[in-house]
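Side chains included, hydrogens not; waters and symmetry mates left out as well; all remaining heavy atoms used.
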Amino acid sequence: MRNLLLDCNLHMDTIHGKPLHLPQAHSTLAGTVESAAFLDVPTVVVHAGPFVLDSREMHEHLEAALATCEALTSILRDNGVRLALENVHPGPATDLVRRALGNLPGDVFGFCYDSSHDQMGGPRPFTLLEDMSDRLLALHLSDRVREYVDHVIPGDGFIDWENLCGLIRNTSYGGPVTLEVLTEHSRVKERKEFVRLAFEQAARLYDLTFA
């Protein structure tokens with residue numbers, strides 16, 4: 001993979017790792033962090049717990065997430081890699097991310113903002129992004145049409161991208177813009193055209209955010 005990246009003049013901005021609450025998360029993520037360092041990837045993205053969380057399980061999962069992160073701290077620092085906790089289902093599952101980051105050092109632990117997850121049941125205000133702006137390390141951007149129709153190319157759903165990009169502009173995040181999009185619910189299924197449209201919209205969002 002490293003040779004392919006070099007040959008194609010490509011760079012990976014993130015690797016998605018094992019969720020923090022799963023068995024053996026620490027040992028698996030330690031290997032992921034080392035792989036990220038080998039591939040010059042600055043950030044590993046993880047879910048802090050289950051995608052949907054019962055609030056009665058908050059304490060248990062918070063303890064598990066913090067224990068895994070504590071065990072990974074020296075490995076992250078030694079390899080020059082950061083761990084970004086990603087928002088998932090709005091409510092307790094994303095509150096878990098907030099609480100965990102409130103107890104973790106900012107030099108190696110931060111936040112990955114997923115727009116499709118944030119806007120479940122929306123459109124809703126971008127309060128989460130505003131609250132976590134000082135910890136932003138990564139973006140997973142995609143649009144949402146309705147329940148169970150998400151991760152589509154920006155512009156094909158209801159998300160207000162000008163507003164969202166303006167909020168990202170006001171953070172310390174400097175890029176890149178990463179789209180996490182699927183053909184499953186896209187109006188375009190043919191792969192080459194899908195990639196062309198995704199790149200076009202990613203460039204537009206980059207200009208809205210950083211130009």
Student: Check this for me, if you would: do Asp118 and Arg124 make a salt bridge, where the nitrogen-to-carboxylate-oxygen distance has to be below 4.0 angstrom?
Tutor: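 Result for this pair is no, no salt bridge flagged.
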Student: Do the non-hydrogen side-chain atoms of His89 and Thr94 ever get within less than 4.5 Å of each other?
Tutor: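 With C-beta onward as the side chain, the pair stays apart.
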Student: For the residue pair Leu205 and Pro154, what are the closest heavy atoms and their distance?
Tutor: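 Shortest heavy-atom contact: CD1-CG, 3.8 Å.
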Student: Tell me yes or no: between the side chains of Glu86 and His16, is some donor less than 3.5 Å from an acceptor?
Tutor: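 Yes, side-chain donor-acceptor contact under 3.5 Å.
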Student: For the side chain of Thr73 and the backbone of Cys69, is there at least one donor-acceptor N/O pair under 3.5 Å apart?
Tutor: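 The answer is yes, because a donor-acceptor pair under 3.5 Å joins these two groups.
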Student: Looking only at atom types and distance, does a side-chain atom of Arg144 sit under 3.5 Å from a main-chain N or O of Ser116, one as donor and one as acceptor?
Tutor: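 Indeed, once roles are kept as given, a pair shorter than 3.5 Å links the two residues.
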Student: Step by step, would you call Val152 with Val181 a side chain to side chain contact (heavy atoms under 4.5 Å, CB included)?
Tutor: CA-CA 5 Å; Val152 299; Val181 291; over 6 Å; no
Student: By ring pair (Phe, Tyr, Trp, His ring centres under 6.0 Å), which residues pair with His117, not counting sequence neighbours?
Tutor: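 By the ring pair (Phe, Tyr, Trp, His ring centres under 6.0 Å) rule, His117 matches Phe51, His151.
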Student: Kindly say whether Arg99 contributes a backbone atom to a donor-acceptor pair with the side chain of Asn103 at under 3.5 angstrom?
Tutor: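 A pair under 3.5 Å: yes.
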Student: Cation-pi check for Phe38 against Arg2: NZ or CZ below 6.0 Å from the six-membered ring centre and within 45 degrees of the axis, yes or no?
Tutor: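 Geometry flag: set, cation within 6.0 Å and 45°.
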Student: Under the 3.5 angstrom rule, does the side chain of Glu190 hit a backbone N or O of Glu193 as a donor-acceptor pair?
Tutor: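 Yes, Glu190 side chain to Glu193 backbone: donor-acceptor pair under 3.5 Å.
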Student: Using the side chain to side chain contact (heavy atoms under 4.5 Å, CB included) rule, take His47 and Leu85 through it: C-alpha gap first, then chi angles, then the decisive distance, then the call.
Tutor: CA-CA 6 Å; His47 293 176; Leu85 278 58; over 6 Å; no
Student: Where does the angle between the aromatic ring planes of Tyr173 and Phe210 fall among parallel (under 30°), tilted (30 to 60°) and perpendicular (over 60°)?
Tutor: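 If you compare the ring of Tyr173 with that of Phe210, the planes turn out tilted.
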Student: Are the side chain of Arg169 and the backbone of Ala211 linked by a donor-acceptor contact shorter than 3.5 Å?
Tutor: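 It does hold such a pair.
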Student: Can you confirm whether more than 12 heavy atoms, excluding those of Glu200, are under 6.0 Å from its CD atom?
Tutor: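 Yes, because the 6.0 Å sphere around CD of Glu200 holds more than 12 heavy atoms from other groups.
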Student: Got a donor-acceptor contact below 3.5 angstrom from the Asp143 side chain to the Gly155 backbone?
Tutor: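 It does hold such a pair.
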Student: With distance as the sole test, does Thr171 use its side chain to make a donor-acceptor pair with the main-chain N or O of Leu167 at under 3.5 Å?
Tutor: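 Not confirmed, Thr171 side chain does not pair with Leu167 backbone.
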Student: For Tyr206, is there any backbone N or O sitting under 3.5 Å from a side-chain donor or acceptor partner on Thr209?
Tutor: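 Not a single qualifying donor-acceptor pair exists.
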Student: Indicate whether any N or O donor in one side chain lies under 3.5 Å from an N or O acceptor in the other, for Tyr113 and Asn87.
Tutor: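 No, Asn87 and Tyr113 have no side-chain donor paired with an acceptor closer than 3.5 Å.
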Student: Tell me if a side-chain donor or acceptor on Thr183 pairs with a main-chain N or O of Lys189 at a distance below 3.5 Å.
Tutor: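 No, because the side chain of Thr183 does not come within donor-acceptor range (under 3.5 Å) of the backbone of Lys189.
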